[in-house]
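Here is the structure we will look at.
Counting begins at 1 with the first residue of the sequence. Every heavy atom of this structure was used, including side-chain atoms; hydrogens, water molecules and symmetry mates were not. All ligand and atom numbering here is 1-based and tracks the order in the structure.
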Amino acid sequence: MEGSIPRHVGLIMDGNGRWAQARHMPRSLGHNAGMNAMIRISKRAKELGVSWLTVYVLSTENLASRPKEELDGLFGLFRKYFTVNVKKLYKQGAGVKVIGDLSPLPQDVKELLERGEKDSPAGAAFTLVFAVNYGSRAEIARAAASLSADGEEITEESLAKRLYTSDIPAPDLIIRTGGEKRLSNFLLYQGAYSELYFTDVLFPDFTPREFEKAIEEYSRRDRRFGGINELKR
Ligand code: FPP
């Protein structure tokens, strides 16, 4: 594929529920299909040379408001991914990272996610970042509170260093599937200059080819970061 490849892509995987409902299936089967789509996308992202792919698997709002049955289904998928699928990722020299507040999760899920991160190969060329019980407002408030507790000055840089993402670059591109055109509390601080790509495709139908279309669109865009593009002046 021609053009520039984003180093870091954020992915809001919306539309699993509607995909299942359209097939008269329970929502949990939509999440199951979503997990399979996520696995295919992460493979293609790695092949294309993306270094970080951050997937929004559970927002703080989802955890607070989804029915227990649906959450149990999602926790089941976490158990499956972090015992079986993650090993394949390691074998390819890739790793995982988890961002968000894991404290309210079932203890075994929390431990699996933490272990998944610890067992990741050092210096991986590709990292799949799971945003779990993640919300940007809580993340920013937590970072500010920790600076304040340490008596440190709050600046853009000091705050960025206390975010969950302190060790990875800002996302170049944020993709949202499922038709809504909003960020829903995802990487708000980090995404100040991200390119945004919205598609009506429901997440289980978001194929590697659809992902490539988003990357192609990104590579055609002119990123000026508030300045003037030198080449086009
Ligand atoms: C939003 O769709 C999606 C989620 C709340 C969960 C996303 C999770 C996955 C894609 C699989 C997760 C993988 C692992 C390893 C757990 P929605 O249910 O809000 O869809 P709707 O808008 O159509 O109702």
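- Residue F78 approaches ligand 1 through these ligand atoms, each under 4.0 Å from one of its heavy atoms: 16 (C).
- For the pair Y81 and ligand 1, the shortest N or O to N or O distance does not fall below 3.5 Å.
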Would F130 and Y81 satisfy ring-ring contact (aromatic ring centres under 6.0 Å, His included), going step by step from the backbone distance to the final call?
-> CA-CA 11 Å; F130 286 84; Y81 188 91; 5.3 Å; yes

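- Using a cutoff of 4.0 Å between basic side-chain nitrogens and carboxylate oxygens, D167 and K97 are scored as salt-bridged.
- Under 3.5 Å, the side chains of E139 and Y134 contain a donor-acceptor pair of N or O atoms.
- The shortest N or O to N or O distance between N62 and ligand 1 is not below 3.5 Å.
- For ligand 1, one of its N or O atoms has an N or O atom of R18 under 3.5 Å away.
- Annotation: atom 6 (C) of ligand 1 to nearest protein heavy atom, V57 O, 3.4 Å.
- Looking at K110 and E114, a side-chain N of the basic residue comes within less than 4.0 Å of a carboxylate O on the acidic one, giving a salt bridge.
- Residue contact check: M13 has heavy atoms under 4.0 Å from atoms 1 (C), 2 (O), 3 (C), 9 (C), 10 (C) of ligand 1.
- For atom 7 (C) of ligand 1, the nearest protein heavy atom (residue, atom name, distance) is N16 ND2, 3.6 Å.
- For atom 19 (O) of ligand 1, the closest non-hydrogen atom on the protein side is R66 NH2, 2.9 Å.
- Ligand 1 does not have G178 within reach: every non-hydrogen atom of the residue lies 4.0 Å or more from it.
- The protein non-hydrogen atom at the shortest distance from atom 18 (O) of ligand 1 is R27 NH2, 2.7 Å.
- Set against the non-hydrogen atoms of G34, the atoms of ligand 1 under 4.0 Å away are 10 (C).
- With no hydrogens or angles considered, no side-chain donor-acceptor pair links H8 and S51 at under 3.5 Å.
- The pair E47-K43 meets the salt-bridge criterion, with a side-chain N (NZ, NE, NH1 or NH2) lying under 4.0 Å from an Asp/Glu carboxylate O.
- Considering only non-hydrogen protein atoms, atom 4 (C) of ligand 1 sits nearest to H31 CE1, 3.7 Å.
- Here's the thing with W19: none of its N/O atoms is less than 3.5 angstrom from an N/O atom of ligand 1.
- Remark: E111 does not engage R115 in a salt bridge, criterion side-chain N to carboxylate O under 4.0 Å.
- The existence of a salt bridge linking E212 and R209 is confirmed by a sub-4.0 Å separation between a basic side-chain nitrogen and an acidic carboxylate oxygen.
- Using a cutoff of 4.0 Å between basic side-chain nitrogens and carboxylate oxygens, R66 and E61 are not scored as salt-bridged.
- Of all protein heavy atoms, the one closest to atom 20 (O) of ligand 1 is G17 N, 3.0 Å.
- Which parts of ligand 1 touch L77 is read off a 4.0 Å heavy-atom cut-off, strictly below it: atoms 16 (C).
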Could you walk me through whether S184 and R176 pass the side chain to side chain donor-acceptor pair (under 3.5 Å) test, one step at a time?
-> CA-CA 10 Å; S184 300; R176 181 175 189 144; 2.8 Å; yes

